[in-house]
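The structure under discussion appears below in the form of structure tokens.
By convention in this document, chain letters (A, B, ...) are assigned in the order of the sequence lines, proteins followed by strands, and residues within each chain are numbered from 1. Values below: every heavy atom of this structure, side chains too, minus hydrogens, waters and symmetry copies.
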There are 2 protein chains.
Amino acid sequence: MKCCLAARKTRVVYATLRHADAVMKTSYPLPRIPVCKRFHLLEIKGDISVPDIRDVAQRAGCSIATVSRALNSPRQVRPQTLARVQAAVAELKFRPNAIGRQLRGERTGLIGVMLPTLGNPVFADCIEGIEAALGGTGQRLVLVTTRYDPERERNAIETLLQQRVDGLLLTLADAESNPLLDDLAAERVPFQLLYNDAQIRPAVSVDNRLAAADGVKMLIDAGHRDIAMISGALHASDRAKRRYLGYCDAMTMAGLSPRPALEIDFNAGARAAHVREALAQRTDAAWCPTALFCSNDLLALGVMRALRESGLRIPDDMSILGFDGLAFGELLSPTLATVSQPSVDIGRHAALRLLDQIAGRTDGGRALILPHAVRMGGTVKCRARAGAGVTPDYVA
Amino acid sequence: MKCCLAARKTRVVYATLRHADAVMKTSYPLPRIPVCKRFHLLEIKGDISVPDIRDVAQRAGCSIATVSRALNSPRQVRPQTLARVQAAVAELKFRPNAIGRQLRGERTGLIGVMLPTLGNPVFADCIEGIEAALGGTGQRLVLVTTRYDPERERNAIETLLQQRVDGLLLTLADAESNPLLDDLAAERVPFQLLYNDAQIRPAVSVDNRLAAADGVKMLIDAGHRDIAMISGALHASDRAKRRYLGYCDAMTMAGLSPRPALEIDFNAGARAAHVREALAQRTDAAWCPTALFCSNDLLALGVMRALRESGLRIPDDMSILGFDGLAFGELLSPTLATVSQPSVDIGRHAALRLLDQIAGRTDGGRALILPHAVRMGGTVKCRARAGAGVTPDYVA
DNA sequence: ATGAAAGCGCTAACAT
DNA sequence: ATGTTAGCGCTTTCAT
């Protein structure tokens, strides 16, 4: 084995020396410098290249099997041997190669996370929750963002599966009609959706429809009658769709007429312009809302800015309700009224469920609906009317 | 080869069937179900387990080398053969195993990203920039957060290196005294720092000291004389330290006395309480600032909230200057004055530099300093005094 | 308690 | 243009 080892080393060393021809012939085949030997390669004195388990074994005077055991189940090896191995590991600065382990083992310890963007703090918070749950488990996160682009979603999932992640945590633009999920289910890939509330899927979310309805009901209770909803492209987001349904529910329930949603292309940069355009539509019509339900907080912020630029005051000329519960909303003045969802918990629970699923303890389950909360705020004006009865208390 | 293939399949199938003893004996060794065979395992009809390159080869009637070539350099194979391989790939839903490739190849296509937290939008923005730069290159992100904890930093780097990432993008709590960086450099691991401006390192950042000085100078120009700086634990963050130096520079330059920084433990949850405590210190002293320079925007927001809870008005009773340039700051009223740094660009440039470095086109270089900008805002009151001369225009 | 060896999926050198 | 084969680093089975 010793000579074999030496040969291996020799090859690698010469490989670094610009593939010196004479030496290349001496061994077969001569691969390109492999990933595991990338660092240190040009130091020709003493120990060369990144040490592997065989180097450790040689140094400790035992077999690679023993080294492996010393690393993974130390109690299986004699204390004396263990000490020698540990010494060798330290001296060589041996760093176990996760790739070798992953190729051999039944798990990679990788979790694929796919989100639309990190520009929305909702998703950043969610990752914090995921990391918190993964905490000590030693799982690593592979992160991809998709910008709500179905094409990118498909590619990203494919990439993550090629990387053999143990499971996926994902937010799709639209989970309802998405064949990708059937594929994942058919392939038995453990996954949990985040935010998408497709009931039949393993998912962690709020009940978007109900939450939106609760929010709009709050507006109605505050005396508003003409309420419009504004959202990103409805067809592209199942959450927007559900929230729109919730808006309709609340309006209908109160005997009011829901209006078509004002759609704003989220991905287009010129947000303020689009908002003004949508508002122009509104102005043209005979109908004039006193309150705007925005399908998410980021949109609400953009809308508020656009309204102010148009000279409208909030909430006097227009009340605003968002959705998400961004912490920043509370720092605004007036504070942003919003329907808040527990982003950190969504991430945390999804990660925990995924771990259970990966471990085979569950099959992933169905949708887990977490509680939402309507957060009153200064962006909503109470058009106090005696007729409406008791004003309910909303959760802060 | 055919029988060999069959044997392999058989083994795997039976392995899923709870390690049926009689069959276990027939082949050697019988590994645990490897990672690549995790999905589909329990379907006993038809094709079983995840296909590998040999399955494709068999189906296409060629060798695995040909399949590999068809996948990686299609023009090297005869169109007819290529078609057969592609058909086989499609029929079997073959998904190349990145782990095998990584083990064999000289690169993993993995980029390790280590950041303190995603709770601060600065870092989320930075990731957006990184992703934008990585765009089409097919590199994947492995993400770890450290909560400014040196212990976690060490572990995270070790984990990422075990995963054989091609390079690292990282923000350290304190890069200056950090031996980890020497280790990385010694091991020839390509890396770029984000935000840390340790000049001798490969890093992308603003000049924190100068930027802070510019910000404080703005305060001085606005007529403030008693200016305090408030920050997270100074010893834990090189940026906070440099920004404090910048504060001192500007004060001294104007003939004013810099004060010791009011330190607030960032990681401790009870932020408002800590702020009040720090302010109490201030009140006890004879000295009373009219302006507060906060070492980052998130801190500024917390401070503002605490001040308001204490009944102080901003900017009338106290002016506030932040650092970071969070987009949210512009939505507040009053808008947050801040020293903005180009987070997205920091991420983008660092990623680009890292790619060059990985490709061997550069050695990583030294610090790249990007331009900062002082953003005036409503949180700063102009104590207009005729004596100060011309009021400069600050970049919006 | 330890060692020998097979093989995870893939790529590339060499041979044909 | 295609096939054969070694081997990347590791874990685990079986044998000792």
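Annotation: side chain of B:Glu187 is in contact with side chain of A:Arg95 (closest heavy-atom distance under 4.5 Å).
With sequence neighbours left out, the salt bridge (charged side-chain N to carboxylate O under 4.0 Å, His left out) criterion links A:Arg353 to no other residue. Applying the side-chain contact (heavy atoms from CB on, under 4.5 Å) test to B:Arg361 and every residue at least two apart in sequence or in another chain returns B:Asp356, B:Ala359. By the salt bridge (charged side-chain N to carboxylate O under 4.0 Å, His left out) test, A:Arg348 is found to be paired with A:Asp345, residues two or more places apart in sequence or in another chain being considered. Looking at residues two or more places apart in sequence or on another chain, you find a side-chain contact (heavy atoms from CB on, under 4.5 Å) between A:Arg152 and A:Thr145, A:Thr146, A:Arg147, A:Asp149, B:Glu131. With sequence neighbours left out, the side-chain contact (heavy atoms from CB on, under 4.5 Å) criterion links B:Arg101 to B:Asn72, B:Pro96.
One finds no side-chain N or O of B:Arg104 lying less than 4.0 angstrom from the OP1 or OP2 phosphate oxygen of D:dA6. Within the 4.0 Å cut-off from OP1 or OP2 of D:dT11, at least one side-chain nitrogen or oxygen of A:Asn72 is found. In this structure, A:Arg101 does not reach the D:dG9 phosphate: none of its side-chain N or O atoms is under 4.0 Å from OP1 or OP2. Distances shorter than 4.0 Å separate none of the side-chain N or O atoms of B:Ser63 from OP1 or OP2 on D:dT2. Residue B:Arg75 places no side-chain N or O under 4.0 Å from the OP1 or OP2 atom of D:dA1.
The CD1 atom of A:Ile64 sits 9 Å away from the P atom of D:dT11 (whole-angstrom rounding). In this structure, B:Asp52 places its CG atom 9 Å from C1' of C:dC8, rounding to the nearest Å. In this structure, CD of B:Glu106 is placed 11 Å from C1' of C:dA12, rounded to the nearest angstrom. Between B:Ile99 atom CD1 and D:dT11 atom P there is a gap of 13 Å when expressed in whole angstrom units. In this structure, CG of A:Leu103 is placed 9 Å from C1' of D:dG9, rounded to the nearest angstrom. In this structure, CG of B:Asp55 is placed 9 Å from P of C:dG9, rounded to the nearest angstrom. Following rounding to the nearest Å, A:Gln80 (CD) and C:dA1 (C1') show an atom-to-atom distance of 12 Å. Rounded to whole Å, atom P of D:dT12 lies 10 Å from atom CD of A:Gln76.
Judged by distance alone, the side chains of B:Gln102 and B:Arg164 never bring a donor and an acceptor atom under 3.5 Å apart.
Residue order along DNA chain D, read from the 5' end via each residue's closest nucleotide, puts B:Thr81 first among B:Thr81 and A:Gly100. Projected onto DNA chain D by closest heavy-atom contact, A:Ile53 and A:Arg69 fall at different nucleotides, the more 5' of which corresponds to A:Ile53.
Within 4.0 Å of A:Thr66, counting heavy atoms only, lie sugar-phosphate atoms of the nucleic acid but no base atom.
Comparing the axis of the opening five pairs of the helix from C:dA1-D:dT16 to C:dT16-D:dA1 with that of the closing five pairs yields an angle of 40°, rounded to 10°.
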